[in-house]
Amino acid sequence: MSQISEILERARQRREAQDLPYAGAVTPREAFALMKGLSHATLVDVRSAAEWQFVGTVPDAVRIEYKTFPGMQPNPHFATQLTQQVDRERVVLFLCRTGARSDEAARVAASLGFTEAYNVLDGFEGQKDAEGHRGRQDGWKASGLPWTQG
């Protein structure tokens, strides 16, 4: 079994274990491997524009706010923007700060007919460490994956 097949199988197992309505959940490292190994994979960063500017971004990610700053109000155009910018036939990996908004975005995508929607667990920054800081113990940044600041 290839690395890509193994990743997709683990993602599906997580879907079943967590009763997810979308294709599955992947770790940041698994998401990166899918991006590199599948020409039809797209990473959709659903964080706010403020987060992209001040925290950092993943190169080549499609950026569509799921909630906007300040106030973290839902983006009323999310579904339209997603369907206009991303092909429903692609493997779509949703990324946010910690994995919560991206879970919501993957649920919306599945309801829109995206059959290969995946949540990136722990998101870009991950959970807070013992000192209350994010980006140190898990998530995209802590995994040493490519990202840029500002």
Side-chain angles (χ1 to χ4, degrees), residues 1-75 78-79 81-82 85-86 90-111 114-150:
M1 186 181 276
S2 74
Q3 177 191 24
I4 298 299
S5 296
E6 290 174 5
I7 291 169
L8 293 173
E9 178 58 30
R10 283 193 299 273
R12 290 182 185 103
Q13 289 171 357
R14 291 180 190 118
R15 176 194 68 213
E16 292 173 11
Q18 298 172 32
D19 195 29
L20 300 172
Y22 48 83
V26 295
T27 68
R29 289 185 192 277
E30 290 170 340
F32 184 69
L34 291 173
M35 290 168 59
K36 291 296 179 194
L38 296 173
S39 62
H40 62 286
T42 299
L43 181 70
V44 178
D45 188 335
V46 299
R47 295 175 300 143
S48 69
E51 290 169 297
W52 301 326
Q53 182 176 0
F54 297 112
V55 180
T57 60
V58 176
D60 301 320
V62 174
R63 298 179 202 166
I64 306 171
E65 289 182 302
Y66 186 71
K67 293 184 178 178
T68 59
F69 181 85
M72 300 311 281
Q73 296 301 312
N75 173 2
F78 177 78
Q81 291 170 340
L82 180 64
Q85 295 180 50
V86 180
R90 296 183 73 81
V91 168
V92 186
L93 308 159
F94 291 94
L95 177 78
C96 69
R97 181 180 69 181
T98 62
R101 279 175 284 170
S102 53
D103 169 75
E104 293 175 27
R107 290 171 186 270
V108 170
S111 76
F114 287 80
T115 59
E116 292 294 321
Y118 296 87
N119 181 26
V120 179
L121 300 166
D122 298 319
F124 188 73
E125 293 182 84
Q127 306 306 313
K128 291 180 181 176
D129 64 13
E131 296 175 2
H133 299 121
R134 296 187 191 278
R136 293 183 178 175
Q137 66 182 14
D138 54 22
W140 191 275
K141 287 173 73 172
S143 296
L145 299 171
W147 66 282
T148 59
Q149 184 72 50

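This one's a predicted model, so the numbers in the text were calculated from it and none came from an experiment.
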So, the side chain of [X] versus the backbone of [Y]: is there a donor-acceptor pair under 3.5 Å, distance only?
{"X": "E116", "Y": "A23", "value": "no"}
{"X": "D45", "Y": "C96", "value": "no"}
{"X": "E125", "Y": "K141", "value": "no"}
{"X": "D138", "Y": "Q127", "value": "yes"}
{"X": "Q137", "Y": "G126", "value": "no"}

Check whether any side-chain heavy atom of [X] sits under 4.5 Å from a side-chain heavy atom of [Y], and report yes or no.
{"X": "W140", "Y": "D122", "value": "no"}
{"X": "N75", "Y": "Y66", "value": "no"}
{"X": "R97", "Y": "R134", "value": "yes"}
{"X": "E65", "Y": "V46", "value": "no"}
{"X": "R14", "Y": "L121", "value": "yes"}
{"X": "V26", "Y": "L93", "value": "yes"}
{"X": "L34", "Y": "Y118", "value": "no"}
{"X": "D103", "Y": "Y22", "value": "yes"}

Verdict with supporting geometry, M72 and T68, side chain to side chain contact (heavy atoms under 4.5 Å, CB included)
CA-CA 5 Å; M72 300 311 281; T68 59; over 6 Å; no
Hey, what do you get for [atom1] ([X]) to [atom2] ([Y]), rounding to the nearest 0.5 Å?
{"X": "R12", "Y": "I7", "atom1": "CZ", "atom2": "CD1", "result": "11.5 Å"}
{"X": "T42", "Y": "M35", "atom1": "OG1", "atom2": "CE", "result": "8.5 Å"}
{"X": "F78", "Y": "R101", "atom1": "CZ", "atom2": "CZ", "result": "11.0 Å"}
{"X": "R90", "Y": "L38", "atom1": "CZ", "atom2": "CG", "result": "9.5 Å"}

If you compare all heavy atoms of [X] against all heavy atoms of [Y], which two are closest, and at what distance to 0.1 Å?
{"X": "V55", "Y": "Q149", "value": "O-OE1, 3.3 Å"}
{"X": "L95", "Y": "G123", "value": "CD1-C, 3.4 Å"}
{"X": "G99", "Y": "N119", "value": "O-ND2, 3.2 Å"}
{"X": "R15", "Y": "G24", "value": "CB-CA, 3.8 Å"}
{"X": "A117", "Y": "A106", "value": "CB-O, 4.1 Å"}

Would R47 pass as a cation-pi partner of F124, given that its NZ or CZ must be under 6.0 Å from the six-membered ring centre and within 45 degrees of the axis?
yes
Can you list the steps and then say if V120 with L43 is a side chain to side chain contact (heavy atoms under 4.5 Å, CB included)?
CA-CA 9 Å; V120 179; L43 181 70; 4.2 Å; yes
Given T57 and W147, is the side chain to side chain contact (heavy atoms under 4.5 Å, CB included) satisfied, shown in steps?
CA-CA 5 Å; T57 60; W147 66 282; over 6 Å; no
Among E9, R10, E16, find the residue that satisfies the side chain to side chain donor-acceptor pair (under 3.5 Å) test when tested with Q13.
E9
Step by step, would you call S48 with E51 a side chain to side chain donor-acceptor pair (under 3.5 Å)?
CA-CA 5 Å; S48 69; E51 290 169 297; 3.1 Å; yes
